[in-house]
Number of protein chains: 2
Amino acid sequence: MGIAERKERDKLSMRQAVLDAAMELYHEKGIEALTLRAVAERIEFSPATIYLYFKDKDEIVFHLYSMAFAKFYQKQLEVNSIADPLERLRQGCRDYIEWGVQNPKLYDLMFILEVPMNVIAEENCQDIGKTSFAELQNLMVECIAADKLKIKDPELAAIMCWNMIHGITSLLIKKRIVIPHEAVPQMTNAVLDTFFVLVAK
Amino acid sequence: MGIAERKERDKLSMRQAVLDAAMELYHEKGIEALTLRAVAERIEFSPATIYLYFKDKDEIVFHLYSMAFAKFYQKQLEVNSIADPLERLRQGCRDYIEWGVQNPKLYDLMFILEVPMNVIAEENCQDIGKTSFAELQNLMVECIAADKLKIKDPELAAIMCWNMIHGITSLLIKKRIVIPHEAVPQMTNAVLDTFFVLVAK
DNA sequence: CCTAGGAACTGAACAGTGTTTAGTTTGTTA
DNA sequence: TAACAAACTAAACACTGTTCAGTTCCTAGG
């Protein structure tokens, strides 16, 4: 009686095929080229078929957003091996900026583009972005507990930190800060070092 | 021989009528409702007529961008009456965030999107951004000269400050920080106050 | 093995969008 | 007044996301 299971697998693999094609298109040609007709052509189905697997285009874009966040989250988990919370924070910030600069399109999806957040509100699935912020906040709790920060409110500290690293990352990605490519690490290091001098006890 | 002049005036007033209608539509219903057909209907002309006065929609959007920047500059100039450079900086930052949050789509055009930049001579738009940053940097020079800042490098100070205010503004606009609408001023004040506590001497 | 029913899929259409063009109307000028 | 140019538009084109009637195909029950 494996037919139902096979159908379930088929359904999932079809969804995955749509998402893969969508992510490919997005990577190759950007958000403007991410049309349902282009996705349909790539997977060799009619555009209408996509609507049997996804409610609308917004749901697909939201899944791309989630996939990008999953990759990012994986990278962020690496710093957990660092014992000192302040150093963990510092390295996490470094990785954040570096990841954003090296994956500008995914970063765009995650933090800049108009992601259909109504999808999140409707569904029960927890926004991975909020989880990520919660972890940053937890890290701040640790830093404050270890008396490493001048700021005593963990939420405020997390927001301040995020403002800073998102600010520089997005300004770099959107070329509002124009500097030679090789000077980027030096500049981000200077910014981060200064930030930690200001914020750390 | 006033006919040529009158025609010139007519041309200009027609352009202005298009821009006014576009800005109205934008303000009333947002950028999604800003369609050429809607603009045309509002000024009671056919959509095709618009193309006699503007190259394409991007040119119209670019003019909205310019108008937005003009308004933004005007707002920013108001702080020049404040004598104390640090207070001038603080109020400028407040105004920056407030303006961005209240004009999210225009902020989008000015500091996040890059699409309409290609329309008209790019040097001009680039100069606007650079001039803006240069002014911030000059203000930092003043603050440092008055021995008001912990950071001694004006360029670094300007970048840090811009990172912070752009970071929070864009995260709010893009709904990555989700808080009740009425809590926004409180939060931005907390962030700014903390930033100035950290950075000011 | 056969057939009814449902799941899977699609062609064609709908209502939008920005944009172009051919053709009409209008106003000016010689 | 006739010729010409400027102003304007209806209609179309090539797109978009989305819907739906209709077809194909597989499977479950007799």
A:Lys75: what forms a salt bridge (Lys or Arg N to Asp or Glu O under 4.0 Å) with it, not counting sequence neighbours?
-> A:Glu78
N/O-N/O pairs, protein side and nucleotides 8-12 of chain D side, under 3.5 Å:
residue : atom : partner : partner atom : Å
D:dC8   : OP2  : B:Tyr53 : OH           : 2.5
D:dT9   : OP2  : B:Ser46 : N            : 2.8
D:dT9   : OP2  : B:Thr49 : OG1          : 2.4

Indicate whether the side chain of B:Asp95 and that of B:Gln91 have a donor and an acceptor atom separated by less than 3.5 Å.
-> yes
If you look only at distance, which donor and acceptor atoms sit under 3.5 Å apart when one is on a side chain in residues 191-201 of chain A and the other is two or more places apart or in another chain?
residue  : atom : partner  : partner atom : Å
A:Thr194 : OG1  : A:Ala190 : O            : 2.6
A:Lys201 : NZ   : A:Asp147 : OD1          : 2.9

State, to 0.1 Å, how close B:Met140 and B:Ala158 come at their nearest heavy-atom pair, and which atoms those are.
-> CG-N, 3.8 Å
Rounded to whole Å, CG of A:Asp10 lies from C1' of D:dC25 at a distance of 14 Å
In whole Å, what is the span from the CD1 atom of B:Ile31 to the C1' atom of C:dG18?
-> 14 Å
To the nearest angstrom, how far is A:Leu36 atom CG from D:dT16 atom C1'?
-> 9 Å
Between NZ of B:Lys11 and C1' of D:dA6 the distance, given in whole Å, is 9 Å
Note: contacts of residues 20-28 of chain B with DNA chain D (heavy atom, under 4.0 Å) are none
Protein-nucleotide distance (A:Tyr51, atom OH; C:dC9, atom C1'), rounded to Å | 15 Å
For atom CD of A:Glu28, decide whether the heavy atoms of other residues, nucleotides or ligands shown that lie under 6.0 angstrom number more than 12.
-> yes
Mind telling me whether A:Phe69 and A:Phe72 have parallel, tilted or perpendicular rings, with 30° and 60° as the class edges?
-> perpendicular
Donor-acceptor contacts under 3.5 Å from residues 161-172 of chain A side chains, at least two apart:
residue  : atom : partner  : partner atom : Å
A:Trp162 : NE1  : A:Tyr96  : OH           : 3.0
A:Asn163 : OD1  : B:Ile168 : N            : 3.4
A:Asn163 : ND2  : A:Ile159 : O            : 3.3
A:His166 : ND1  : A:Tyr107 : OH           : 2.7
A:His166 : NE2  : B:Ser170 : OG           : 2.9
A:Thr169 : OG1  : A:Ile165 : O            : 2.5
A:Ser170 : OG   : A:His166 : O            : 2.8
A:Ser170 : OG   : A:Gly167 : O            : 3.2
A:Ser170 : OG   : B:His166 : NE2          : 3.0

Whole-Å gap separating P (C:dT17) and CG (B:Asp58) | 16 Å
Work out how much the helix from C:dC1-D:dG30 to C:dA30-D:dT1 bends between its end axes, five pairs an end, to the nearest 10 degrees.
-> 20°
Flag side-chain contact, heavy atom, 4.5 Å: B:Ile177 against B:Met187 = yes
Would one find more than 12 heavy atoms of other residues, nucleotides or ligands at under 6.0 Å from atom CD of B:Glu87?
-> yes
Could you state the atom-to-atom distance from NZ of B:Lys57 to C1' of D:dC15 in whole Å?
-> 14 Å
Heavy-atom pair of closest approach, residues B:Leu34 and B:Val39 | CD1-CG2, 3.8 Å
How close or far is atom P of C:dG18 from atom NZ of B:Lys55, stated in whole angstroms?
-> 15 Å
Should the heavy atoms of other residues, nucleotides or ligands under 6.0 Å from NZ of A:Lys29 be counted, would the total exceed 12?
-> no
